[in-house]
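Worksheet: the structure to be examined is printed underneath.
Counting from 1, the numbers follow the sequence of the chain as shown. Note: hydrogens, waters and symmetry copies are ignored here, and every other heavy atom, side chains too, is used.
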Amino acid sequence: MAELLPTTHVVVFDEAHQLPEVGTLFLSRSASTRQLVDLARDLAAAGLGEAPDGADWTGLAAALERAARELRLQWPAGPPRRPAHELARVGEFGAALQALCTACAQAASALQANAERGALLARCAERAAGLNETLRGWHAGSEPAAPQSGTGAAVDDSDEQIRWAEAHARAVSLYRTPLSIADAFSRHRDGPPRAWIFVSATLALDRDFSHFTGALGLGEAHCLRWDSPFDFERNALLYVPDALGEPGSDAFTQRLVEAAWPLVLANHGRAFVLCTSLRAVRVAAQRLRELCHAEPAPITVLEQGERPRTALLQRFRDLPGAVLVGSASFWEGVDIVGERLSLVVIDKLPFAAPNDPVMSARIEAHSRRGKSAFEALQLPMAAISLKQGSGRLIRSETDRGLLMIGDERLLRKAYGRRLVRSLPPFPLTRDARHALDFIAPRNPRKPGAVGAAPSATPPTSAGRRAPAR
């Protein structure tokens, strides 16, 4: 790459909306107990094979593996993702972390002393050194820190990094994540002058690119936005039903599915139900199966997690009447053209969970600077996710489909109307009959005509006046 870039005059990033998150992951440091268990097994084999007299390899490996497993066992009940300063208040976890640091340091020391005696030992020594450094750095910065505002969050480092951990089924991962990559990305752009072009269908919030340019330190960027070439006003419809209630209530997901069910039936499946949580995926899939059984209806419900993502998408394409219920991994990167996907249901506005350790720390950092984290961070991220989810529907000039969003905040709140203006120009209806007529017109046009037959009261256009007919 160092040899290639100096001769490159233009650098183009496609799907550039992913770049802030990808950059954050790239610049994060992490260590997991799974990596440490693998290291324990490898160092035992390497040590006994290449330097059997160099150390008590069996004992070192056993201590490291035992300490790694103990850390997972001491994870406190509650959320699977937590900031380091919160975990530091749990004495059992802190003691287990200290024991793991000691075991890793002892293994790393023995491996370093014997690294020249064999290639396997040298590779294990390199791995152990990296993991040991990450563990020590994470542990050193995990002492409790006083919250600096009313959010209850705390940034662990003065250089604005957050230390946090995540519990998996059989492992714990420890992360040190930068809250901003703007300075680091700016340094990567230093050097010989060249053009940098960032392209995506979902970079702007209501024609405002400042969230993206600020995240990457692109203050001097020239921003351009073009409307979609697809005819949304004729070929698409946005339906926001009435009276589903607050999206945070326990029964909301079931009411959403029941409101969408007539549309799913009329459309013969061929639908995505996109949810903002795995719990909502389970509830929605279960309710859909109950409705299919009660009808009965020739519709197959596919649920995220029952098969690998690629296999699930292929099964959706192969089945004549399928409904796929999924969460974040199905909101983008899915391209199903034509009638096979002509109904997309989104449960609610995709705001990131404010209690996520990284998000909480970023909100805290914005507050310290006197900025609105909602305006600068949470709302633009929701706009990007919502545009990605709605973008599964119309994939070509001839596609036609209905988008249903169950969250009334889209129309009741001022920020919701900004989200609407960020979407393509869907005509908008709140009438279930209009939505059903669009899916299965009572008076269809002649074969080959595009669009639904007009109903008595035409829907309005989202974010603009109804177009003349």
State which residues pass side chain to side chain donor-acceptor pair (under 3.5 Å) with Trp75; sequence neighbours excluded, sorted by chain then number. none

Verify the neighbour count for atom CD of Glu339: are there more than 12 heavy atoms of other residues, nucleotides or ligands below 6.0 Å? no

Go through the structure and list residues passing ring-ring contact (aromatic ring centres under 6.0 Å, His included) with Phe209, not counting sequence neighbours. none

Between Leu97 and Trp138, is the side chain to side chain contact (heavy atoms under 4.5 Å, CB included) condition met? List the steps. CA-CA 10 Å; Leu97 179 59; Trp138 197 93; 3.5 Å; yes

Side chains of Ser200 and Asp14: any donor to acceptor distance under 3.5 Å? no

Does either side chain, that of Thr177 or that of Gln161, offer a donor lying less than 3.5 Å from an acceptor on the other one? no

Do the side-chain N and O atoms of Arg29 and Thr134 include a donor-acceptor pair separated by under 3.5 angstrom? yes

Give every residue pair that meets the ring pair (Phe, Tyr, Trp, His ring centres under 6.0 Å) criterion with at least one member in residues 172-194, sequence neighbours excluded. Trp164-Tyr175

Shortest non-hydrogen pair, Pro357 vs Ile162, comes out as O-CG1, 4.1 Å

May I have the step-by-step check of salt bridge (charged side-chain N to carboxylate O under 4.0 Å, His left out) for Arg409 and Glu246, ending in yes or no? CA-CA 9 Å; Arg409 292 177 297 176; Glu246 290 299 320; 5.8 Å; no

Using the salt bridge (charged side-chain N to carboxylate O under 4.0 Å, His left out) rule, take Arg418 and Glu375 through it: C-alpha gap first, then chi angles, then the decisive distance, then the call. CA-CA 11 Å; Arg418 289 185 66 192; Glu375 289 288 333; 2.7 Å; yes

Listed by chain and number, what are the ring-ring contact (aromatic ring centres under 6.0 Å, His included) partners of Phe351, not counting sequence neighbours? Phe374, Tyr415

Derivation and outcome, salt bridge (charged side-chain N to carboxylate O under 4.0 Å, His left out), residues Arg81 and Glu166: CA-CA 4 Å; Arg81 293 162 64 103; Glu166 182 174 19; 3.7 Å; yes

Does the side chain of Ser28 come under 3.5 Å of the side chain of Ser30 through a donor N or O and an acceptor N or O? no

Listed partners of Arg207 passing side-chain contact (heavy atoms from CB on, under 4.5 Å), at least two apart: Arg225, Asp227

Side chain to side chain donor-acceptor pair (under 3.5 Å) for Ser173 and Ser32? Distances and angles first, verdict last. CA-CA 4 Å; Ser173 296; Ser32 74; 4.6 Å; no

According to side chain to side chain donor-acceptor pair (under 3.5 Å), who are the partners of Arg289, at least two apart in sequence or on a separate chain? Glu303, Glu306

Checking Gln304 against Ser327 for the side chain to side chain donor-acceptor pair (under 3.5 Å) test, could you report, in this order, the C-alpha distance in whole Å, the side-chain angles of both residues, the deciding distance, and whether it holds? CA-CA 7 Å; Gln304 177 179 337; Ser327 63; 2.9 Å; yes

Carefully, step by step, assess Arg82 and Asp356 under the rule salt bridge (charged side-chain N to carboxylate O under 4.0 Å, His left out). CA-CA 7 Å; Arg82 299 196 176 191; Asp356 175 84; over 6 Å; no

